[in-house]
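Written out below as structure tokens is the structure these notes cover.
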Amino acid sequence: GRKRVWPAAVVVLALVAGTVAAVMHFQKRKQQQQFASRDVSGMVKIPAGEFLFGDGRRLSLAEFWIDRHEVTIGTYGAFLEAVAAGDPKRFDHKDQPVAKVGHEPKDWQGILEAARAGQPWHGAVLTLQSPVFHVDWWDAWACARWLGRRLPTEQEWERAARGTDGRLYPWGEKPDPALANTGADYPGTSGAMPGGSDGHALWCDVDAVEGDLSPDGVHGLAGNVAEWTDSWAPHPELPDEQVPVFRGGDFRQPKAVPMNTPWLADDASYAQAFLGFRTATSVPPSP
């Protein structure tokens, strides 16, 4: 039979299309590797001494270390892999309810898949450097223990956020919608352009907002996700019942909240899209 001869233009187009596809694949792989490899770990030393707490009380704390950034989806994923590889209860708090089995957050597989690919989840791009969320207090406590650390107390958290001069925000005395990932531009805020104030409508990578930085160099305390502490307080409606305290601003707050603002969970199983955690330690962290 006759041998078919392709027009030169068709051959060129096919070569170009193949090259473009190869380049796009390479860029996607490079992007995925970047998501997986960027290191946002590390801790900040907070010196011992006095500081202003709450409405102005002067307290004193011993030296401690606190995570420079919020715990990420990538780190939490490694924790879940470690739990799955051995006794699933070995990192659990002694008071964790028997009915609570495992530490996998709601929607975890979809969240992790999006983060690994750098794809949107519920309208916001996630990466492995985005903060973990949908974790309850038991989850946060267990992950901190796996890391060889603990959750910070309410007092430690506030000292890390306000420095020694009792400032209301990590950067100073005045709220600024551009300096933290808060809800001034949240999609549900009336008249807001999503991401119009701080560049992020929902979650962002834990190191994405450079302005949200405390005097000691701790990032993300005023925005992104609020954070669990190791402190408990009486429930406002059930004073005989103790509930865990969480701290900080988050992506849905209409504006930056003062760093001396405590939040009380309904109970330790409370888990929300705007709530994550960071860890602390009283001894120098291992390299």
Side-chain angles (χ1 to χ4, degrees), residues 53-55 66-67 69-73 105-106 111 121-126 129-137 140 151-152 154 156-163 166-215 218-229 231 233 235-236 243-267 270-278:
F53 177 75
D55 56 4
I66 192 167
D67 287 341
H69 299 105
E70 293 158 335
V71 171
T72 64
I73 291 172
K106 182 182 72 172
I111 291 168
W121 188 82
H122 284 216
V125 172
L126 293 177
Q129 283 72 49
S130 300
V132 70
F133 53 90
H134 281 171
V135 287
D136 65 19
W137 189 88
L151 295 177
E154 189 179 7
E156 289 171 335
W157 192 98
E158 189 169 322
R159 163 63 183 86
R162 301 179 69 192
R167 56 185 60 193
L168 286 179
Y169 306 95
W171 53 81
E173 294 299 322
K174 295 182 179 180
D176 187 332
L179 294 182
N181 179 14
T182 59
D185 51 10
Y186 183 68
T189 304
S190 177
M193 178 183 295
S197 296
D198 53 54
H200 308 282
L202 299 170
W203 310 271
C204 66
D205 283 4
V206 296
D207 58 348
V209 183
E210 295 181 357
D212 192 352
L213 183 68
S214 80
V218 185
H219 286 257
L221 295 156
N224 212 6
V225 292
E227 302 167 13
W228 285 115
T229 75
S231 299
H235 191 289
V243 295
V245 178
F246 60 97
R247 285 300 202 103
D250 61 71
F251 63 75
R252 69 196 174 115
Q253 294 289 344
K255 59 182 180 180
V257 297
M259 296 292 91
N260 59 352
T261 306
W263 308 104
L264 295 180
D266 293 337
D267 52 44
Y270 186 72
Q272 299 292 331
F274 58 81
L275 181 55
F277 67 102
R278 73 179 72 219

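Note that the structure is predicted; figures quoted are calculated from it, not measured. The figures that follow rest on heavy atoms only: side chains count, while hydrogens, waters and symmetry mates do not.
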| said: My understanding is that only residues two or more places apart in sequence, or in another chain, count here; which of them pass ring pair (Phe, Tyr, Trp, His ring centres under 6.0 Å) with Phe133? | reply: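 With neighbours one apart ignored, the set is Trp121, Trp203.
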| request: Please list, chain by chain and in numerical order, all residues satisfying ring pair (Phe, Tyr, Trp, His ring centres under 6.0 Å) with His69, sequence neighbours excluded. | output: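 Ring pair (Phe, Tyr, Trp, His ring centres under 6.0 Å) check on His69 returns His219.
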| said: Donor-acceptor pair, distance only, cut-off 3.5 Å: does the side chain of His134 make one with the backbone of Lys106? | reply: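 At least one qualifying donor-acceptor pair exists.
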Check [X] against [Y] and note the closest heavy-atom contact, atom names and distance.
X: Leu221; Y: Ala161; value: CD1-CA, 3.5 Å
X: Gly220; Y: Glu70; value: O-OE2, 3.2 Å
X: Val218; Y: Arg278; value: CG1-NH1, 3.2 Å
X: Ser130; Y: Asp205; value: OG-OD1, 3.3 Å
X: Val243; Y: Asp267; value: CG1-CA, 4.2 Å
X: Gly248; Y: Trp263; value: O-NE1, 3.1 Å

In chain order, what residues pass the side chain to side chain contact (heavy atoms under 4.5 Å, CB included) check against [X], with sequence neighbours excluded?
X: Ala222; answer: Pro170, Trp171, Ala180, Asp212, Met259
X: Pro177; answer: Ala184, Ser197
X: Glu154; answer: Phe53, Thr229, Ser231, Val245, Arg247, Pro262
X: Ala140; answer: Leu151, Trp228, Phe277

| task | Sort and list the pairs that fulfil salt bridge (charged side-chain N to carboxylate O under 4.0 Å, His left out) and have at least one residue in residues 166-184, not counting sequence neighbours. | result |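 Qualifying pairs, neighbours excluded: Asp165-Arg167.
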Taking side-chain hydrogen bond (donor to acceptor under 3.5 Å, both in side chains) as the test, write out the residues that go with [X], two or more places apart.
X: Ser214; answer: none
X: Asn181; answer: Asn224
X: Trp157; answer: Glu227
X: Asp207; answer: Arg38

| request: Start with the C-alpha distance between Asp136 and Tyr270, add both sets of side-chain angles, then the distance that settles side-chain contact (heavy atoms from CB on, under 4.5 Å), and finish with yes or no. | output: CA-CA 5 Å; Asp136 65 19; Tyr270 186 72; 5.8 Å; no
Below 4.5 Å, heavy atoms only, C-beta onward: do [X] and [Y] meet side chain to side chain?
X: Val257; Y: Tyr169; result: no
X: His200; Y: Val209; result: yes
X: Leu275; Y: Val225; result: no
X: Glu158; Y: Asn260; result: yes

| field | Reported OG1-to-NZ distance for the pair Thr182 and Lys255, which is rounded to 0.5 angstrom | value |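 Here the rounded value is 10.5 Å.
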| field | Between CG on residue Asp266 and CD on residue Gln272, distance to nearest 0.5 Å | value |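 The CG atom of Asp266 sits 8.0 Å away from the CD atom of Gln272.
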| said: Run the salt bridge (Lys or Arg N to Asp or Glu O under 4.0 Å) test against Asp250 and tell me which residues pass, sequence neighbours left out. | reply: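 Salt bridge (Lys or Arg N to Asp or Glu O under 4.0 Å) list for Asp250, sorted by chain: Arg252.
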